[in-house]
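Since the structure comes first, as structure tokens, the remarks are kept for the end.
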Amino acid sequence: MPVTMSPPMPNPISFADQIRGLDPSSLPAVPALEEVRQNLRLQALALGLPTRRLEAWHYTDLARLLDSPMPVDAHINVAVPSLEMPHIKFTDGDMSLAGDIDADFQPILEMPDQLRDIAQSDNSEAILAFNLALVSGGVHLSVAAGAQQSLCLAYDGKGVQHLHHAIHVSAGATLTLFEFYRGEGYSNIVSDVTVEAGGVVNHVKFHASGCAIALTRATLGASAHYGARHVIAGGQIARHESRINLDGAAAHADLSAALLARAGAHQDLTSVIAHNTADTSSETQIRSLVDASARAVFQGKVVVARDAQRVDAQQQSRALLLAENAEMNVKPELEIYADDVACAHGSTVGALDKDALFFLRSRGIPEGIARQMLVRGFLADITETLPEGDIAEFIAAHLDANLDLILNTQQEGV
């Protein structure tokens with residue numbers, strides 16, 4: 001009896017190959033950027049995707065991580081939340097807008113002069129070079145003095161997209177920015193945020209699925225406030241980096257993050273907070289929950305410039321490992337050139353407190369519920385800082401689902 005052979009399945013193309021193979025000529029045409037894009041692509045290819053040889057990427061070997069086809073993530077069906085704010089959705093680079101934005105708003109590709117200025121100054125890092133060479137979209141947003149604006153940016157799709165945002169918050173203005181990451185694809189997203197004197201930015205990121213490399217560069221004027229809340233609850237690869245410059249007296253940066261690394265996930269939260277003038281302050285709080293065969297990374301650096309006196313900078317990272325083969329990498333740094341400062345950092349890595357678990361069980365609480373209570377208490381320092389309202393409610397519901405999934409898996413001994 002003849003045997004019928006099935007045709008061989010084509011080998012999936014890795015995200016790394018997709019990135020290397022992208023040509024600026026295949027992207028939306030912007031004649032004013034054509035030469036800059038081609039030059040930056042050559043620069044990016046020469047630099048190559050980051051590897052562990054680069055100190056800042058020592059724990060996240062992006063070239064190796066992206067060179068293997070990605071499995072479909074369990075959370076790709078999470079819907080974009082229905083929030084009472086304008087939505088801008090990017091799907092494989094294509095942009096759609098729902099709602100009215102009461103601010104100066106334009107697609108970033110309609111501002112080639114601004115992009116060209118950024119591109120000509122930012123080409124020494126491969127991720128930035130790739131982002132600017134292959135940028136397919138993004139937003140320019142300017143919030144007027146004293147105004148209030150809310151905006152949701154959602155990322156979806158199965159392919160590769162490079163996006164660049166330029167956000168300006170004028171004196172005394174307030175911006176609530178919610179970024180939502182989902183899909184099966186790879187996103188490289190760079191956001192430049194400028195906050196003038198007395199301005200306030202509440203920046204919430206929620207990573208549900210997919211692969212994303214995100215860099216936020218924030219510059220703060222006098223008495224400005226930048227509050228970042230990151231919840232990385234899914235996805236195969238996630239690196240969210242913040243570079244914050246406090247350039248005006250009484251400026252304050254507040255960064256907190258919850259990392260829930262499920263089996264096989266790689267999550268990296270990196271921050272550099274630079275106190276460039278006197279009388280500034282910052283606070284960083286990181287909570288990591290790491291499942292079996294998962295890796296979480298926190299790299300936090302605080303830099304205090306010479307003559308930047310009376311700086312208060314606090315940094316703390318705490319991690320819970322849920323299995324023996326869970327991995328947590330922590331690298332806290334203080335680089336201080338002034339002498340009148342109050343700066344400190346701390347880091348702990350451990351398992352669930354057996355005494356606390358025994359105490360709860362001795363009061364008749366089942367083990368599964370007791371574990372949930374301890375983990376929720378562990379994450380409360382982060383979740384309670386989320387802005388009140390529908391953003392916090394959406395994240396809390398999805399966070400509960402992830403915690404139940406992780407803890408149920410642990411309870412089953414998988």
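Put simply, the side chain of Ser14 gets close to the backbone of Asp17: a donor and an acceptor are under 3.5 Å apart. Listed for the Asp390 side chain is a donor-acceptor partner under 3.5 Å among the backbone atoms of Glu84. In terms of modelled atom types and a separation under 3.5 Å, the side chain of Arg229 and the main chain of Thr385 share a donor-acceptor contact. Proximity of a side-chain donor or acceptor of His165 to a complementary backbone N or O of Val139 within less than 3.5 Å is detected. Remark: the backbone N or O of Pro332 is not paired with any side-chain donor or acceptor of Gln315 at under 3.5 angstrom.
Not counting sequence neighbours, the partners of Ser293 by the side chain to side chain donor-acceptor pair (under 3.5 Å) test are Asn325. Applying the side chain to side chain donor-acceptor pair (under 3.5 Å) criterion to Asp381, with sequence neighbours excluded, gives Arg287.
Using bins of under 30°, 30° to 60° and over 60° for the plane-to-plane angle, the ring pair Phe394/Phe206 lands in the perpendicular bin. Between His203 and His230, the ring planes are perpendicular. Angles over 60° get that label, and only those under 30° would be called parallel. Ring geometry, His240 versus Tyr181: the interplanar angle exceeds 60°, so the pair is classed perpendicular (tilted spans 30 to 60°). Between Phe130 and His162, the angle of the ring planes lies from 30° to 60°, which puts this pair in the tilted group.
His252 and Ser281 share a side-chain donor-acceptor pair at under 3.5 Å. For the residue pair Gln309 and Asp307, no side-chain donor N or O sits within less than 3.5 Å of a side-chain acceptor on the partner.
For the salt bridge (Lys or Arg N to Asp or Glu O under 4.0 Å) condition, the pairs that include at least one residue of residues 264-283, sequence neighbours left out, are Arg239-Asp268, Asp279-Arg310.
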